[in-house]
Amino acid sequence: MKTIHATLAALAVAATFGLTSCKKDLVGSNGDFNKSSKAPIDYSTLPQVHLSGVYTAKRVLSPDTLYKLDGVVYFSGANAKLYIKAGTHVVTGNAVTYGGRSLKGVLVIAKNAQIFANGNKNNVAEASYNPDSTIVFGPDPAVAVPVPGDFGGVILLGKAQTNQPTTTVIEGIPTSPPADVTFGGTTTNDNSGVIRFARIEYAGFLLSTDNEINGLTLGGVGSGTTLNHIQVSFSNDDSFEFFGGTVNADHLIALAGTDDDFDFDNGYSGTIQYALALKDPFSTHTVSGGVSDANGIESDNNAAGNGALTPLTNPKLRNFTILGYSTNGSASDLEKANHWRRASSLDIQNSILGGFNTGVQFEGITTAGSIFRNNVVQAYTTASTTTTTNPATYSLISTDVLASTAAANGFLKLTSASAFYDESAYTPLNLRPLSTSPAFSGGNTTGGGTAYRGAIDPAATASTIWTSNWTDFTPSF
């Protein structure tokens, strides 16, 4: 059972940073927003349209309207196609009670429907009337101080392979839903649509024990789907969770989630390149059995650890930067940078893992086909540990750089990263490896790999870094 643990710093966050408004200024100094002579739209003044129930036909959402999701909103059936234009905001609407539980702001794209949330970078030529071209899912702008869980979440379902029956219902949905919320099938290249240049903020809802809505939940989503440049911030559960499927993704950001940044289950086998995960010492974190349950990555073949179920969970991960805290003072709030367990297989390369008490734990994994190579791992207590039940001790490959150190950045040597994430003044440029960093080189360049390790190119500048002009690392602060 997971519960939420709040630090004293979390209780003081409003006083520390003056959380008084949900309006965001597009004039930033961190390279994430450019200055513009155009004023951003005040979404609180826009016409409002409420969406509710089940949609079985085409629907187009435009940035000249604020859309509110009442309860759980479903797009279901082959004719259900949701088009969300660049710059549109989709927010929490009225709560609806299901079986005694109140839910709001949940969007479900069923496995026969499609979403085309095709955002863009901000201040591009197409944004003739609005410099904000990124699509945003989040709390109602009327909420002055949003908290995790103020928005429900986005759930995308498909017909690609999983290791569960195709009658399996995605987690987090109330019983007796008015639409088909099963996932999985045999269509490897199934196409659930597009989500790109989008942010999901303050999502997450605990329906019941181990039955949660995440920031972005993906069930059986196929490789024909496009997922890139997606940021999930302040999720009340996992930021991203993949239940099976073959979908590929790139340029993902998990910011300040309470549970796992990336969670893989039920035979997920896609490839993800360039992903950034940052824990926030001022946020709450999940607890299981009285100890922290908040990981950077958590991966299971299934909940029972059955390695006979195929396809095996085997995410192929490249250029991840997963960071906990830059100092050890509160690292007990976190579990592990990577927790590979319950017969999961794995393939992670060219990545940086640091700022957790334990860097990597292999616990009963499926070793056949597993790869952990060309990674840099720092931890405060144990860089790597192995708890094996099958089939034998798993050895890390010698090209990895591992260390247990008292100061994270004393070993990682990232640019000006005295704090990995600081809500008052943050720039992802701080996470570039210095020339003296073990992550500066040593990456596997085969098959499109990079010479450097981690998500941020050491040569990146404020204008070329991939986080520029669509992300928001201080939403509503």
Side-chain angles (χ1 to χ4, degrees), residues 260-264 272 275 277-279 288 291-301 305 307 312-328 331-414 420 433 437-444 449 452-455:
D260 306 318
D261 299 317
F262 297 91
D263 197 335
F264 304 107
I272 304 173
L278 297 171
K279 294 295 189 187
S288 178
V291 297
S292 172
D293 195 45
N295 300 281
I297 291 174
E298 182 177 88
S299 186
D300 308 321
N301 198 44
L312 286 172
T313 299
N314 182 235
K316 298 169 182 62
L317 312 180
R318 305 289 185 270
N319 294 98
F320 273 54
T321 293
I322 295 179
L323 297 172
Y325 303 152
S326 57
T327 60
N328 195 21
S332 60
D333 290 350
L334 308 178
E335 191 181 10
K336 302 168 179 70
N338 276 196
H339 194 180
W340 303 99
R341 62 180 193 173
R342 294 178 179 170
S344 176
S345 183
L346 62 122
D347 180 352
I348 178 169
Q349 303 183 46
N350 288 12
S351 295
I352 298 172
L353 315 173
F356 292 73
N357 275 331
T358 299
V360 182
Q361 181 169 1
F362 303 103
E363 183 179 354
I365 66 169
T366 296
T367 60
S370 287
I371 299 172
F372 191 93
R373 181 180 296 149
N374 297 97
N375 302 305
V376 175
V377 181
Q378 180 276 337
Y380 293 116
T381 304
T382 306
S384 67
T385 183
T386 303
T387 305
T388 57
T389 57
N390 65 316
T393 301
Y394 182 66
S395 298
L396 297 178
I397 297 189
S398 59
T399 51
D400 298 299
V401 181
L402 310 172
S404 299
T405 60
N409 208 42
F411 173 71
L412 295 176
K413 294 182 172 58
L414 306 179
F420 292 141
S437 169
F440 186 81
S441 59
N444 178 14
Y452 62 89
R453 299 184 251 199

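Heads up: numbering here begins at 1 and tracks the sequence. Nothing here was measured: the structure is a model prediction, and the numbers come from that model.
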message = Quick one, K279 with D333, criterion salt bridge (charged side-chain N to carboxylate O under 4.0 Å, His left out). Give me CA distance, side-chain angles, the key distance, then yes/no.
response = CA-CA 10 Å; K279 294 295 189 187; D333 290 350; over 6 Å; no

key: Side chain T405, main chain A407, donor-acceptor under 3.5 Å   = yes

request  = Over all heavy atoms of both residues, which pair between L412 and Q378 is shortest? Give the atoms and the distance, please.
outcome  = CD2-CB, 4.0 Å

request  = Ignoring hydrogens and angles, state whether a donor on the side chain of K336 or N338 is under 3.5 Å from an acceptor on the partner side chain.
outcome  = no

query = Hey, what's the ring geometry for F264 with W340, parallel, tilted or perpendicular (30° and 60° as the breaks)?
reply = parallel

ask   = With a 3.5 Å cut-off and no angle check, do the side chains of S345 and T366 form a donor-acceptor pair?
value = no

message = Rounded to the nearest 0.5 Å, what separates atom NE2 in H339 from atom CD1 in I297?
response = 12.5 Å

ask   = Under a 4.0 Å N-O cut-off, is there an ion pair linking K316 with D347?
value = no

task = Kindly indicate whether the side chain of T321, heavy atoms from C-beta on, has any atom under 4.5 Å from the side chain of L278.
result = no

S344 versus T313, side-chain donor and acceptor atoms under 3.5 Å = no

query = Below 6.0 angstrom between ring centroids: does that apply to Y380 and Y325?
reply = no

ask   = Side chains of N350 and N444: is there a donor and an acceptor less than 3.5 Å apart?
value = no

task = Answer yes when E363 and R342 have at least one side-chain N-carboxylate O distance shorter than 4.0 Å, and no when they do not.
result = no

